[in-house]
2 protein chains.
Amino acid sequence: MRIMGATIKDVARVCNVSIATVSKYLNGGNVREENRINIERAIKELDYRVNNFARGLKINRSMMVGIVVDSITNMFYTSIISIIEDCLHTKGYSSIICETRRQEEIRNEKLDFLLNKGVDGIIILTTNITKEQLEHYINRGVSIVVIDCVVNEADCDFVTTDNISGAYQATEMFILKGHTKIAIITGEDKEFSAAERLKGYRRALDDYDIPVCDHLIFRDSYDLEGGYKSFKKLVENKGCTAVLISNYYMAVGAVIAVNEENINIPGDISIICFDDLELSKVFKPKLTSVSQSTAEIGNEAVKLLLSRIDGSNSGCRIVRVPAKIIVNNSIKKMY
Amino acid sequence: MRIMGATIKDVARVCNVSIATVSKYLNGGNVREENRINIERAIKELDYRVNNFARGLKINRSMMVGIVVDSITNMFYTSIISIIEDCLHTKGYSSIICETRRQEEIRNEKLDFLLNKGVDGIIILTTNITKEQLEHYINRGVSIVVIDCVVNEADCDFVTTDNISGAYQATEMFILKGHTKIAIITGEDKEFSAAERLKGYRRALDDYDIPVCDHLIFRDSYDLEGGYKSFKKLVENKGCTAVLISNYYMAVGAVIAVNEENINIPGDISIICFDDLELSKVFKPKLTSVSQSTAEIGNEAVKLLLSRIDGSNSGCRIVRVPAKIIVNNSIKKMY
DNA sequence: TTGAAAGCGCTAACAC
DNA sequence: GTGTTAGCGCTTTCAA
């Protein structure tokens, strides 16, 4: 059982003032200089801390934000969460991080839990959520911002990388280096960014009058496993000279396959992958990658959420953070 | 502002019973069958949820556990956290994850925050914490379990890998393959596991009558940067045929150096690193590694914490989880 | 088995 | 600027 510390009453008694005065001091109101000094001293001496349960009960606000993430071992997400935490902290908010393991029931459980804890807002990091699920929680009066996917017509905000442009730039880079047989490894349509990146890839080929071939589009689960299997298939096909890998963990899987098959990069095949995390630095040659700005994504998400909590905003805002190519040595010149 | 849902009063009114009866039902007490059915229906209809602030205020217990971690992008830690979360969940507890970015002030802030939130216990994942810091919080009445380091004479529990044995086994493996000039790249003494692993390395050399050479012991910051710099130095020295790298992120840094220097593994130098995370699978050849059981560590930590919260335990318990070698292809036979 | 009532620690409206 | 007080939603004691 937790030890119960001093209460506002104790502070008031020691200072010979009413609890209202102490409360006012605590909440930034004006008190006489003399009282201020006394109160501050008493707080220190008694090691007084406000009881969050009592305060929360009274004001029905917690200054807490929930963060709900598909997987807590996903470095792209944890990089963003680290930014979010820091950013919230400077605004006086703290955060509760929950993992869903990509299971909808668990996600709902965690969202319920957060609402019960009285969080003022929730940031969800996922590639895959439905309008219905969002609305269920929005209707319960909590502000929500979603990172890494967009759902139309929901009363919340969204932050994602400009996936289409990122994939477009990558594909274009292959084309400009003389590639025409360009493959893509990506996730299924239900994964928001997977679908968008495929769109960018298609659009670039279109713009350069290169036919889009179905047999160069490899789709599988949006993870290491899927990347591994897709790359193995791609190698069997022998139909391409370059491949865009549309997510970090798929790239990890692909690299495992590259090693097993003794493939030379970029001699045998050129690669661009999404996210310049560890892999792109550790692999030899260093991988050219599409970099998403985790800092910008995190900051934007917090900005949107807080303006929503303030009540100064509603409706559906969508922020697209630009992607940029980090050039390394995994692309062969074909001319 | 959050929408306020139905309260226990509403449920009582709808059911024509007192709030005491509803409360009893809520907390697993006995109520008449008829009332039970009514209450359950009313709860569903009103979408009633207990207010955690009110309950917490009353019982001064939250069924929440705080998790305080050096870095939330550290995959070794997040793997453990994922297990902990799951395990706590099955016991009816939920968790609040906080990141410290390895800064002591931030850690204290987060610990204060967690205490203010009324958590029933705290799990700290770190390589580096002082007895004083621990005691400060233990004295405030919260149960603490520390993962990844051990501090003597503190009234809390500790879970770590058997680092000494892990490093011993790795060093021994080098020796048995005919290596005698074996280096180690590790962190400074303040990092608990760094110091222990160095101890294991020394002990193995001792046991096989191989002299321990100071110029083969490379110590730097316990991260990517430190691994990178250490490996560069090691290469300049040209004094060894094998190296044990004592932490995952140091290994990532070392591999970046390996690539830059065009070093052949294991032709030029043999490597064993700690943790069989992504790197050891993605690098070619696959790296032989010392595997720590994140599952066992997480489960043990939760078990210890809950038994402490129950009050059924106190004192200082230390659990050592065995390490095991995952054999791959980064070691050259020297005979 | 049930209900009335006290009170957890705090905030805020109101009177001074 | 300060104090009095009601009441947030809940648990729990005590009496019925």
Handout entry: Residues B:D47, B:R49; criterion salt bridge (charged side-chain N to carboxylate O under 4.0 Å, His left out); working and verdict
Key = CA-CA 7 Å; B:D47 194 31; B:R49 301 143 203 279; 2.6 Å; yes
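Judged by distance alone, with hydrogens and angles left aside, the side-chain atoms of A:N38 form no donor-acceptor pair with the main-chain N or O of A:C15 at under 3.5 Å. Without hydrogens or angle criteria, B:S62 side chain to B:G118 main chain gives a donor-acceptor distance under 3.5 Å. Using modelled atom types, one side-chain atom of B:T78 and one backbone atom of B:N74 make a donor-acceptor pair closer than 3.5 Å. At least one donor-acceptor pair under 3.5 Å links the side chain of A:N27 to the backbone N or O of A:S23.
Atoms CZ (A:F53) and C1' (C:dG7) sit 17 Å apart, rounded to a whole Å. Atom CG of B:L57 and atom P of C:dG9 are 7 Å apart (whole Å). Atom CD1 of A:I8 is separated from atom P of D:dT5 by 17 Å (rounded to the nearest Å). Atom CD1 of A:I43 is separated from atom P of C:dC10 by 10 Å (rounded to the nearest Å). When the C1' atom of D:dG1 is taken as reference, atom CD of A:E33 falls 13 Å away, rounded to whole Å. B:N52 places its CG atom 15 Å from the C1' atom of C:dC8, with the value rounded to the nearest Å. Look at CG on B:N51: it is 14 Å from C1' on C:dG9, rounded to the nearest Å. Rounding to whole angstrom units, CZ of residue A:R13 and C1' of D:dG3 are separated by 17 Å.
Residues B:T127 and B:R102 form a side-chain contact, since some pair of their non-hydrogen atoms from C-beta on lies under 4.5 Å apart. Between A:N299 and A:K303, every side-chain heavy-atom pair lies at or beyond the 4.5 Å cut-off.
At C:dG9, none of the side-chain N or O atoms of A:R55 fall inside 4.0 Å of OP1 or OP2 (strictly under the cut-off). OP1 or OP2 of D:dT2 lies within a sub-4.0 Å distance of a side-chain N or O belonging to A:N35. Applying the 4.0 Å criterion to OP1 and OP2 of D:dG3, one finds that A:S18 has a side-chain N or O inside that range. Contact annotation: A:Y48 side-chain N/O to C:dC10 OP1/OP2 distance is under 4.0 Å.
The side chain of A:T21 has D:dG3 as its nearest neighbour among D:dT11, D:dG3, C:dT2. Nearest to the side-chain atoms of B:V17 among the listed nucleotides C:dG3, C:dC8, D:dT2 stands C:dG3.
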Do any N or O atoms of the protein come closer than 3.5 Å to N or O atoms of nucleotides 12-16 of chain C, and which pairs are they?
none

